[in-house]
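The structure appears below as structure tokens.
Scope of the values below: all heavy atoms of this structure, side chains included, with no hydrogens, waters or symmetry mates. All values reported here derive from a predicted model rather than from experimental measurement.
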Amino acid sequence: MTAMIPSSAGRVHVASSGRVEAPVVVLSSGLGGAWFDWDRTVRLLEPLARVIVFDRPGLGLSGPARRGPSLAREVAVLDAVLRGVPRAILVGHSMASMHVEAYARLRPHRVDGVILLDPDAEAPGAGAPFDLSAVVAQGVRAFGSRWLGARFTRRYGHSFRNLLTAVSTLGVTDPAPSDLVELVYRRPGVGRAVLWELASYPGQVATLERLRARRPLPRVPFLVLTAGRKVWPEHRSLAALVPWGRNVPVPGSRHMIQMDRPDAVVMAVREVLRGLPDH
């Protein structure tokens, strides 16, 4: 089932499937992601849970963003997605790992578990990073015309998405049909939304750092999945934010773990489910 729901940041495209009476799992995409990135993971989770996946404002099939990306905006979007849902397991990929961690700190009573998939490698306590890609995105947004951005996206948006998918996976086929990828990533607003998110990255990191000092994580499972066999010190430090946190390497995957190893995401969700009442 799909729907467009209101939020303070704009209308949000939400897809829900699986067992209605089961625990809820919310899947949150990384930079510029779309709901169909999770298709393989969703199919495996449907027998276990009610699965919700969504597009942030400006991305996927969601409406235009009414305000720029920030940690506060992403918490508000998650509030809208979880309207009517008492508690959920939150799964965040890459940049969205910050969003679900912030939500867990600000809404601890609504979170059953936190799973971070190959989160951005910023060591906790390092402060706002200097990020060259964010600086470039800020410059393009400041000096590039909306017309130029729209023209580039219409012509090359889907090709750029296909290239990023190819380098972020171990050669798996895209879970979405090519015509759907083209439909979504040739939308002019999607290119602008991706630039806006990228430009906001250092600010979101800095906000999360301040939040970590004030709001503890709830005592729920906290798993950090790292793509590949190598364990990054930053990911180990992230898992160590709480004594019960775990860092789990995922061999046979690159950055898009949900495409390469959806089974690893499901195993992490199963671990959280085993600790819930009546499971």
Side-chain angles (χ1 to χ4, degrees), residues 18 22-30 33 37-38 40-42 44-53 74-75 78 81-82 85 87-125 168 205 208 211-212 215-277 279:
V24 175
V25 177
V26 175
L27 307 174
S28 187
S29 300
D37 293 342
W38 298 90
R40 293 189 178 100
T41 301
V42 168
L44 294 179
L45 283 174
E46 284 173 340
L48 307 173
R50 177 183 169 197
V51 188
I52 298 175
V53 60
E74 311 318 333
V75 168
L78 282 166
V81 170
L82 284 166
V85 177
R87 299 179 65 88
I89 299 168
L90 304 182
V91 182
H93 173 245
S94 192
M95 189 174 181
S97 62
M98 295 191 292
H99 309 161
V100 301
E101 182 190 336
Y103 196 85
R105 292 179 182 278
L106 291 168
R107 312 281 191 270
H109 58 289
R110 302 193 64 187
V111 178
D112 281 327
V114 177
I115 301 170
L116 311 182
L117 303 186
D118 215 38
D120 292 311
E122 303 294 344
S168 300
V205 173
L208 182 58
L211 189 60
R212 285 169 175 164
R215 296 291 189 100
L217 282 164
R219 194 170 182 86
V220 297
F222 187 76
L223 303 176
V224 179
L225 275 58
T226 301
R229 296 182 179 278
K230 180 181 178 181
V231 175
W232 295 90
E234 295 86 355
H235 286 188
R236 192 180 292 118
S237 298
L238 185 56
L241 284 172
V242 289
W244 58 89
R246 288 211 308 124
N247 185 201
V248 183
V250 184
S253 70
R254 285 184 180 163
H255 185 53
M256 298 293 284
I257 294 176
Q258 64 269 51
M259 291 189 193
D260 278 331
R261 290 287 312 276
D263 60 305
V265 183
V266 175
M267 284 190 288
V269 170
R270 282 185 180 275
E271 182 173 330
V272 177
L273 288 174
R274 282 195 293 270
L276 299 182
H279 267 76

Sequence neighbours excluded, which residues qualify as side-chain hydrogen bond (donor to acceptor under 3.5 Å, both in side chains) partners of [X]?
| X | value |
| --- | --- |
| Arg246 | Glu271 |
| Ser29 | Trp38 |
| Glu74 | none |

- Query: Residues in salt bridge (Lys or Arg N to Asp or Glu O under 4.0 Å) with Asp37, at least two apart?
  - Reply: Arg161
- Message: Once salt bridge (Lys or Arg N to Asp or Glu O under 4.0 Å) is applied, do any residues pair with Arg50, and if so which ones, sequence neighbours excluded?
- Response: none
Just so I know, are the side chains of [X] and [Y] near enough to count as touching, which here means a heavy-atom distance under 4.5 Å?
| X | Y | result |
| --- | --- | --- |
| Glu101 | Leu241 | yes |
| Leu273 | Pro23 | yes |
| Pro119 | Glu234 | no |
| Arg212 | Leu208 | yes |

- Which residue pairs pass the salt bridge (charged side-chain N to carboxylate O under 4.0 Å, His left out) test when at least one of the two sits in residues 91-100, sequence neighbours left out? none
- Query: How many angstroms lie between atom CZ of Arg215 and atom CG of Leu106, to the nearest 0.5 angstrom?
  - Reply: 5.5 Å
- Under the side-chain contact (heavy atoms from CB on, under 4.5 Å) rule, collect the residues that match up with Pro249, sequence neighbours excluded. Val231
- Query: Mind checking what makes side-chain contact (heavy atoms from CB on, under 4.5 Å) contact with Arg40, not counting sequence neighbours?
  - Reply: Arg43, Val172, Thr173, Pro175, Met259, Pro262
Would you tabulate the side-chain donor-acceptor contacts of residues 222-230 under 3.5 Å, counting partners in other chains and residues two or more places apart, or write 'none'?
residue: Thr226; atom: OG1; partner: His235; partner atom: ND1; Å: 2.7
residue: Thr226; atom: OG1; partner: Asn247; partner atom: ND2; Å: 2.9

- Query: More than 12 foreign heavy atoms under 6.0 Å from CZ of Arg236: is that the case here?
  - Reply: yes
- Note on the structure: Note: Val25 and Ala49 closest approach over all heavy atoms is CG2-CB, 3.7 Å
- Task: Name all pairs fulfilling the ring pair (Phe, Tyr, Trp, His ring centres under 6.0 Å) condition that reach into residues 247-267, sequence neighbours left out, sorted by first residue then second.
- Result: His93-His255
Show me, pair by pair, the donor-acceptor contacts under 3.5 angstrom made by side chains of residues 107-117, not counting sequence neighbours?
residue: Arg107; atom: NE; partner: Asp79; partner atom: OD1; Å: 3.2
residue: Arg107; atom: NE; partner: Asp79; partner atom: OD2; Å: 3.4
residue: Arg107; atom: NH2; partner: Asp79; partner atom: OD2; Å: 2.8
residue: Arg110; atom: NH1; partner: Tyr103; partner atom: OH; Å: 3.3
residue: Arg110; atom: NH2; partner: Leu82; partner atom: O; Å: 2.7
residue: Arg110; atom: NH2; partner: Val85; partner atom: O; Å: 2.7
residue: Asp112; atom: OD1; partner: Arg87; partner atom: NE; Å: 2.6
residue: Asp112; atom: OD1; partner: Arg87; partner atom: NH2; Å: 3.2

